[in-house]
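Here is the structure we will look at, set down as structure tokens.
No hydrogens, no waters, no symmetry mates; every other heavy atom, side chains included, goes into these values. Naming convention: chains lettered A, B, ... in sequence-line order (proteins, then strands); numbering from 1 in each chain.
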2 protein chains.
Amino acid sequence: MKPTVHDIAKIAGVSLATVDRVLNGRPGVRAVTKGKVEEAIASLGYVRDLAAANLAKSRTYSFVFILPANDNSFMIGLHEEVRGAIARSSADRSDIRIIDVPPFDAEALVMALESVLLDKPAGVAFVALDTPEVRAVTESLKQAGIPMVALVSDLPDSARDHYAGIDNIAAGRTAGSLLGRFLGGPFARDGEATVAVLAGSMLVRDHRERLEGFSAAISEAFPNIYILPVLEGRDDPALAETMISDALRRNRDIAGIYSLGAGNRGMIRAIQKAGVARRPIVIAHELTASTRSALSDGVIDAVLNQDAGHEVRSAIRVLKAKADGLPVIAAQERIRIDIFLKDNLP
Amino acid sequence: MKPTVHDIAKIAGVSLATVDRVLNGRPGVRAVTKGKVEEAIASLGYVRDLAAANLAKSRTYSFVFILPANDNSFMIGLHEEVRGAIARSSADRSDIRIIDVPPFDAEALVMALESVLLDKPAGVAFVALDTPEVRAVTESLKQAGIPMVALVSDLPDSARDHYAGIDNIAAGRTAGSLLGRFLGGPFARDGEATVAVLAGSMLVRDHRERLEGFSAAISEAFPNIYILPVLEGRDDPALAETMISDALRRNRDIAGIYSLGAGNRGMIRAIQKAGVARRPIVIAHELTASTRSALSDGVIDAVLNQDAGHEVRSAIRVLKAKADGLPVIAAQERIRIDIFLKDNLP
DNA sequence: CAATTTTTGAGGTACGTAAATCAGAATTTG
DNA sequence: CAAATTCTGATTTACGTACCTCAAAAATTG
């Protein structure tokens, strides 16, 4: 049988109350006695039964998710996953609340985080924006002992406890590597080719990192591939369509496109309308309804994806572990870059 | 507050004992009364507090993992992951036991499953072998109400409740697609190329399915790629080395290799020793120490991987859910085909 | 050494559910 | 309608931990 507090009391030769005082860090125990109790705990290999403890405390973990009220498929999906978790939350003693903030609005994010500071939840997950003000609030939250997880977009060198999202530099590198190799075929006259990059905004960290990785991988392995100046489509399908259409018209030998943000619907339309003889190799991010069908139809060649559901569930697991002071299983919480070809669509 | 059994009793106008009888399917309740209780449960949206219930029952979930005592890196890793789960098991009220069986020995597997039938655990996970006898035992286990999860290798059309492993046909297709496109570059004179396939054994379902997917993808998209007769290396590095060496010597224009089983260490050595002018494009399975370093060194071009840790944890989650009669989150339990290039190594 | 403070023990209640007992009520049977 | 049977209620204990109170013991102080 698993040892209980009663066993500790017996072995240490003290009363249950004393064991309780030691276990829960309550005052009124001499150092000697404390030592005896701790010795007994160690010798028995006692581990507190969390379920019983939570029951006794009638504890519920209250978590807050701060999400940008963006209207692209990915963010909508992220919202849905959090709502799914909320639906399941009663089963696992958690109580999850969503705070919507305007997208790309650091001030609003800071305000949301400050409001969180007041009702002291057991943990916060938020899609980070990389500004000094946001960093500063995380410090206050850290002071208040509230575990924080950065979701989807990281905030390095801050007080956040964990990042639940993909390695965007690696994602960019992978895209570059795939594009370079895929280009080898139809376009490799003498290995030279021109590729376009469509981003949302260079102000967002994820996009910057993806571009960085992409450029690095291309220049290292495919020196003869030329990358056109980045098109910033603001994650807006209409704008993306115009920009890609223009680019394809101006530069008829574009052999590849890397779309590292949202707004892929527009890009796909532009390619379909362009009607170029040899369609470019296209690599995009996020598996949505439109990228999925474009992949099936052969308009897109590969999709790099981050699984919003995994990110949300991982964030919750990590927050819970942090709230309980337990270690996280690192391998389980690594968010992976899914690579989808039309052959392995789920 | 969450409704409790006391609330149900109050609303339904019955005693706690009756509620308990209804909730736990004990006899001695008239249909009318049962109806009243169920109505109250529905109207309150009551959900049983599993933690409290398990505490009251002082329940522990006992699970059995039946694993082949194979000595390739993947199986060793799988063992380790299960042992890791055992180390963590005290925290989550589970008690996991490993039964080792000789590899590829259906009779031994059947005997192990029969032995499991006796001590009636809360669930069983096993690496399936595809024979009628194994199928038959799963029926007995089903009869006994023991949830079963097929691990790594599936047993379709059997009584197993779940499969915790990758879609091997999709994996094969993906390998074919990648190899075809990667070949485009250096070898695409006129799109013609010869590729070799190294398998463990065509008797194993996973390997058959991978080959099937691979061949299909190649013939559909790359009709000019010729696949040499399959080499069966029995997952043995030494044998694999000889076979690949021989193949490369006999057929100097091998442009690609798909290694869909184990024994990659040998294959890698063979390629390095061959010293062909233009080294073939290589796609292998399972990220191990040797495939990882070969990927870094550029000897292998892509590795398809199944994460043993995820498979084990998923199997446990599913078994627990089945034991509790709870639904599983399908998206969470889909085991993904990881595609690693040297750019996204974890 | 007496007075004070600190430490410890003993005991209880609570969390939400399971499971048991036993008496009493309702129903069915003969 | 009495007897047998089936249902139901009331109450209790237990699971492992948290948290509370009160009294007793031990240590410290003046």
Side-chain angles (χ1 to χ4, degrees), chain A residues 1-41 44-61 90-95 122 323-326, chain B residues 1-41 44-61 90-95 122 323-326:
Chain A
M1 282 309 281
K2 269 183 59 181
T4 73
V5 281
H6 295 85
D7 300 321
I8 300 174
K10 223 174 297 168
I11 299 289
V14 301
S15 78
L16 218 56
T18 304
V19 174
D20 181 67
R21 287 178 187 119
V22 173
L23 276 176
N24 295 293
R26 277 185 261 278
V29 183
R30 259 186 310 168
V32 217
T33 323
K34 197 178 165 194
K36 275 197 295 183
V37 173
E38 277 163 352
E39 210 171 293
I41 290 175
L44 285 171
Y46 168 84
V47 274
R48 166 201 257 108
D49 184 329
L50 242 181
N54 285 341
L55 178 61
K57 280 192 284 205
S58 59
R59 156 170 216 177
T60 55
Y61 301 82
S90 64
D92 56 354
R93 289 202 130 64
S94 61
D95 168 28
D324 291 329
L326 293 169
Chain B
M1 280 310 281
K2 270 183 59 181
T4 74
V5 282
H6 296 85
D7 301 320
I8 300 175
K10 223 175 296 168
I11 298 287
V14 301
S15 78
L16 218 58
T18 304
V19 174
D20 182 66
R21 287 178 188 121
V22 174
L23 276 175
N24 295 292
R26 276 184 262 278
V29 184
R30 259 185 312 168
V32 218
T33 323
K34 196 177 166 196
K36 277 197 293 183
V37 173
E38 276 163 353
E39 210 172 294
I41 290 176
L44 286 171
Y46 168 84
V47 276
R48 161 201 261 111
D49 184 329
L50 244 181
N54 284 342
L55 178 61
K57 280 191 284 205
S58 58
R59 157 171 213 177
T60 54
Y61 301 83
S90 65
D92 57 354
R93 291 201 126 66
S94 62
D95 168 28
D324 290 330
L326 260 43

Close N or O pairs between protein and nucleotides 9-15 of chain D (under 3.5 Å):
{"from": "dG9(D)", "atom 1": "OP2", "to": "S15(B)", "atom 2": "N", "distance (Å)": "2.9"}
{"from": "dG9(D)", "atom 1": "OP2", "to": "S15(B)", "atom 2": "OG", "distance (Å)": "3.4"}
{"from": "dG9(D)", "atom 1": "OP2", "to": "T18(B)", "atom 2": "OG1", "distance (Å)": "2.5"}
{"from": "dG9(D)", "atom 1": "O6", "to": "R21(B)", "atom 2": "NH2", "distance (Å)": "3.0"}
{"from": "dC15(D)", "atom 1": "O2", "to": "L55(B)", "atom 2": "O", "distance (Å)": "3.4"}
{"from": "dC15(D)", "atom 1": "O2", "to": "A56(B)", "atom 2": "N", "distance (Å)": "3.1"}

Classify the nucleic acid contact of D20(A) as base, sugar-phosphate or nothing, counting any heavy atom under 4.0 Å across all strands shown. base
Verify the contact: side-chain N or O of R48(A) to OP1 or OP2 of dA18(D), cut-off strictly under 4.0 Å; return yes or no. yes
Mind listing the N/O atom pairs, protein and nucleotides 26-28 of chain C, below 3.5 Å?
{"from": "dT27(C)", "atom 1": "OP1", "to": "R30(B)", "atom 2": "NH1", "distance (Å)": "3.3"}

Can you give me the closest heavy-atom contact between A51(B) and A51(A), atom names plus distance? CB-CB, 4.0 Å
Side-chain donor-acceptor pairs under 3.5 Å in residues 12-24 of chain B, sequence neighbours left out?
{"from": "S15(B)", "atom 1": "OG", "to": "A17(B)", "atom 2": "N", "distance (Å)": "3.3"}
{"from": "S15(B)", "atom 1": "OG", "to": "T18(B)", "atom 2": "N", "distance (Å)": "3.4"}
{"from": "S15(B)", "atom 1": "OG", "to": "T18(B)", "atom 2": "OG1", "distance (Å)": "3.4"}
{"from": "D20(B)", "atom 1": "OD1", "to": "N24(B)", "atom 2": "ND2", "distance (Å)": "2.9"}
{"from": "D20(B)", "atom 1": "OD1", "to": "R26(B)", "atom 2": "NH2", "distance (Å)": "3.2"}
{"from": "D20(B)", "atom 1": "OD2", "to": "R26(B)", "atom 2": "NE", "distance (Å)": "3.2"}
{"from": "D20(B)", "atom 1": "OD2", "to": "R26(B)", "atom 2": "NH2", "distance (Å)": "2.7"}
{"from": "N24(B)", "atom 1": "OD1", "to": "R48(B)", "atom 2": "NH2", "distance (Å)": "2.8"}
{"from": "N24(B)", "atom 1": "ND2", "to": "D20(B)", "atom 2": "O", "distance (Å)": "3.2"}

Between A51(B) and R26(B), which residue's closest nucleotide on DNA chain C lies nearer the 5′ terminus? A51(B)
Value in whole Å for how far the P atom of dT6(D) lies from NZ of K34(B): 18 Å
Would you mind reading off the distance between Y46(B) atom OH and dT17(C) atom P, rounded to a whole angstrom? 3 Å
Specify the separation, in whole Å, of atom CG of D92(B) and atom C1' of dG16(D). 17 Å
Residues at least two apart in sequence or cross-chain that pass salt bridge (charged side-chain N to carboxylate O under 4.0 Å, His left out) with D92(B), listed by chain then number, are K320(B)
Using a heavy-atom cut-off of 4.0 Å across all strands, would you classify N54(A) as base, sugar-phosphate, or nothing? nothing
I need the full list of salt bridge (Lys or Arg N to Asp or Glu O under 4.0 Å) pairs touching residues 5-15 of chain B, with sequence neighbours left out, sorted by first then second residue. none
Pairing residues for Y61(A) by the side-chain hydrogen bond (donor to acceptor under 3.5 Å, both in side chains) criterion, not counting sequence neighbours: N54(A), D324(A)
